[in-house]
Amino acid sequence: MKLTLLGVYGPFPAAGGGCSSYLVEDGDTKILLDCGSGALSRLLKHIPLAALDAVVLSHMHADHAGEIDLVRYALEFGQGKAPIRVFSPEIGTLRRAVFEPVEIKDGMTARVGSLTLTFFAVHHAVPTAGVRIEDGAGHALFYTGDTSYFDGLVRAASGADVLLADACLKDASNEKALKNHMTGEQVIRLGRDAGCGRTLLTHRFGAEPTYPLPADAGNAAFAEEGAVYEI
Ligand SMILES: [Zn+2]
Ligand SMILES: [Zn+2]
């Protein structure tokens, strides 16, 4: 499976950047994981819309789902293959002719082409899902969506080759923010506790996208737009 980082910022982008959006590919299977600002134009640099099999929206905040209506417009103008499956914890606004909305429930699994998706409810201000994506060779990606830290994440991410996790917070000083997002330290610990092969710190805060990482960050690094990982 191949992971391409299209947009890595939230809740708004840094100059020239985009918000949460990732392309997951396994042979002919193509999934757009979140659809924040810049998602569609960046996706189209890699694949035609007609090749896209499904969209997963971790939740409906604008930095993760703000461009889904642009995907809709493109489909309505005859681009791509409608209807396209769109997974989301909230499907009210997705009831459109060009979409086949699928409401995500905690523990639900779904098959998209050669990939198996398992969804986990995570802890955020609105209904939000993390997703574990596994290919036929046993390789796994776990994406947290937006979430505060909780122990269940370790089980959900267990043994994933790549952990792609919300590390929006540079430290734990903002108690309110800690209820909705994780610090880099929490994400690094999660990756270590879950035995993940590589940890990517994403949902980088647009106004201050980098902060010092602990000396023992190990296999963890900030997610960089345009980076591609073979999983
Ligand atoms: Zn976000
Ligand atoms: Zn959010």
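Remember, it's 1-based here, ligands and their atoms both numbered in the order they're listed.
- Met60 CE to Thr128 OG1: the interatomic distance, rounded to the nearest 0.5 Å, is 11.0 Å.
- Between OD2 of Asp146 and ND1 of His61, the angle at the Zn ion (ligand 2) works out to 170°, rounded to 10 degrees.
- Taking 2.8 Å as the threshold, Cys19 does not count as a candidate ligand of the Zn ion (ligand 1), since none of its N, O or S atoms lies below it.
- In summary, no N, O or S atom of Cys168 is located under 2.8 Å from the Zn ion (ligand 1).
- Going from atom OG1 of Thr210 over to atom CG of Leu201 covers 11.5 Å, rounded to the nearest 0.5 Å.
- A donor-acceptor contact closer than 3.5 angstrom links the side chains of His64 and Asp146.
- Remark: Arg189 qualifies as a cation-pi partner of Tyr149 under the 6.0 Å distance and 45° angle criteria applied to the six-membered ring.
- Taking the Zn ion (ligand 1) as the apex, the angle formed with NE2 of His203 and NE2 of His64 is 110°, to the nearest 10 degrees.
- With a 6.0 Å radius and a threshold of 12 heavy atoms from other residues, nucleotides or ligands, Asp216 has its CG atom above the threshold.
- Nearest N/O/S atom of His59 relative to the Zn ion (ligand 2): this is NE2.
- Taking 2.8 Å as the threshold, Asp63 counts as a candidate ligand of the Zn ion (ligand 1), since one of its N, O or S atoms lies below it.
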